[in-house]
A.B. asks: 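My structure is below; once you've seen it, I'll send some questions.
Throughout, numbering of the chain's residues begins at 1 and tracks the sequence. Predicted, not measured: the structure shown is a model, and the values here were computed from it.
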Amino acid sequence: METKFIFWHAVIATLTAAYILSLAGVYAGKKRNIEHHSRFMIVTCFITAIWLAVYICKQFLFGREKFHGDMLAYWVCYVPLFTSHMLLAGGTIAIAVYNLYTGLSRMRHGSIGAMASCASRHRRLGRLFVWTFSGTMATAYLIYIMLFVLFRE
């Protein structure tokens, strides 16, 4: 297997692991298990950092993948999908950073985290985070399928 595809599989695997752990953290938060919620979310942040490092290395070493389909498929399917993926990913990262900050800063004051103070904003953004991260994952998988399954070289 080529090195480029090893990097691609590492990118997909770490992103999937981060997604699954974030859903487990959201579930723990809904059950008001704050200790597990915070642990899952902190581990999710570390795995996301690993994903980012692998993704940047892949981009630096191999550059962007080229779309090998026809121009109609490129402009009608790939470009809108890629644009929505980038917007969702940016929104997900912004929401995650803010929620991580509020969760950790509230824990520092001896409270039970974001559940005690500023809880409604943390919860609302947490719900939005689930939707944006789910959309990011769905579009990431669709882009991968378009690049490596449907429109291969």
A.B. asks: If I compare all heavy atoms of Val26 with all of His37, which pair ends up nearest, and what's the gap?
C.D. replies: N-ND1, 4.3 Å

A.B. asks: Roughly how far, to the nearest 0.5 Å, is NE2 of His68 from CZ of Phe151?
C.D. replies: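 Separation between the atoms: 11.5 Å.
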
A.B. asks: Give a yes or no on whether the backbone of Thr132 and the side-chain of Thr92 come within a donor-acceptor separation of less than 3.5 Å.
C.D. replies: yes

A.B. asks: Answer yes if Val11 and Ile143 sit in the same cluster of Ile, Leu, Val, Met, Phe, Trp and Tyr residues linked by side chain heavy atoms under 4.5 Å apart, and no otherwise.
C.D. replies: yes

A.B. asks: Working to the nearest 0.5 angstrom, can you tell me the gap between His122 NE2 and Arg127 CZ?
C.D. replies: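 It comes to 10.5 Å.
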
A.B. asks: State yes or no: are the ring centers of Phe148 and Phe5 separated by less than 6.0 Å?
C.D. replies: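 Yes, close enough.
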
A.B. asks: Looking at Leu81 and Leu142, what are the two nearest heavy atoms and their distance?
C.D. replies: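 Looks like CD2-CB, 3.6 Å.
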
A.B. asks: Given Tyr98 and Arg121, is the side chain to side chain contact (heavy atoms under 4.5 Å, CB included) satisfied, shown in steps?
C.D. replies: CA-CA 10 Å; Tyr98 178 79; Arg121 188 179 319 162; 2.8 Å; yes

A.B. asks: Looking only at non-hydrogen atoms, find the nearest pair between Val76 and Pro80 and report the distance.
C.D. replies: O-CG, 3.3 Å

A.B. asks: Whether Lys58 engages the ring of Phe62 as a cation-pi pair (distance to the six-membered ring centre under 6.0 angstrom, angle to the ring normal within 45°) should be assessed.
C.D. replies: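 Because its charged atom misses either the 6.0 Å distance or the 45° angle limit, Lys58 does not stack over Phe62.
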
A.B. asks: So which heavy atom on Met41 is nearest to which on Gly25, and how close?
C.D. replies: CE-C, 4.0 Å

A.B. asks: Distance alone, cut at 3.5 Å: any donor-acceptor contact between the side chains of Tyr19 and Ser134?
C.D. replies: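 A donor-acceptor contact under 3.5 Å links the two side chains.
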
A.B. asks: If two hydrophobic side chains count as joined below 4.5 Å and joins carry through other members, does Leu147 share a cluster with Leu72?
C.D. replies: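 No, it is not one cluster - the side chains of Leu147 and Leu72 are not joined through contacts under 4.5 Å.
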
A.B. asks: Under the side-chain contact (heavy atoms from CB on, under 4.5 Å) test against Cys45, which residue among Leu21, Leu100, Leu104 passes?
C.D. replies: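 When Leu21, Leu100, Leu104 are each tested with Cys45, the side-chain contact (heavy atoms from CB on, under 4.5 Å) holds only for Leu100.
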
A.B. asks: Using 0.5 Å steps for rounding, measure from the CZ atom of Arg32 to the NZ atom of Lys30.
C.D. replies: 11.5 Å

A.B. asks: Which residues satisfy the side chain to side chain contact (heavy atoms under 4.5 Å, CB included) test with Arg64, sequence neighbours excluded?
C.D. replies: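 Only Gln59, Tyr78 meet the side chain to side chain contact (heavy atoms under 4.5 Å, CB included) criterion with Arg64.
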
A.B. asks: Is there a path of hydrophobic side-chain contacts, each under 4.5 Å between heavy atoms, that joins Ile95 and Met86?
C.D. replies: yes

A.B. asks: Does a donor on one side chain and an acceptor on the other come within less than 3.5 Å for Tyr144 and His9?
C.D. replies: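 Note: Tyr144 and His9 side chains meet the donor-acceptor criterion.
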
A.B. asks: Quick one: do Ile93 and Ile50 end up in the same hydrophobic cluster if we chain Ile, Leu, Val, Met, Phe, Trp and Tyr together by side-chain heavy atoms under 4.5 Å apart?
C.D. replies: no

A.B. asks: Could you verify whether a donor N or O on one side chain and an acceptor N or O on the other, from Tyr141 and Thr16, lie under 3.5 Å apart?
C.D. replies: yes

A.B. asks: Please tell me if the side chains of Trp8 and Glu65 come closer than 4.5 Å, counting only heavy atoms from C-beta onward.
C.D. replies: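 A side-chain contact exists here, since the closest heavy-atom pair is under 4.5 Å.
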
A.B. asks: Hydrophobic cluster membership, with links at side-chain heavy-atom distances under 4.5 Å among I/L/V/M/F/W/Y: are Trp51 and Phe129 in one?
C.D. replies: yes

A.B. asks: Roughly how far apart are Leu15 CG and Thr136 OG1, rounded to 0.5 Å?
C.D. replies: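 Going from CG on Leu15 over to OG1 on Thr136, the span is 8.0 Å.
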
A.B. asks: What closest approach, in Å, do Thr44 and Ala18 show between heavy atoms, and which atom pair accounts for it?
C.D. replies: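 Where Thr44 meets Ala18 most closely, the heavy atoms are CG2-O, 3.4 Å.
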
A.B. asks: Could you report the tightest heavy-atom contact between Ala28 and Phe40, atom names first, then the distance?
C.D. replies: CB-CD1, 4.4 Å

A.B. asks: Within a strict 4.5 Å, meaning less than it, do heavy atoms of the Phe82 and Leu87 side chains meet?
C.D. replies: no

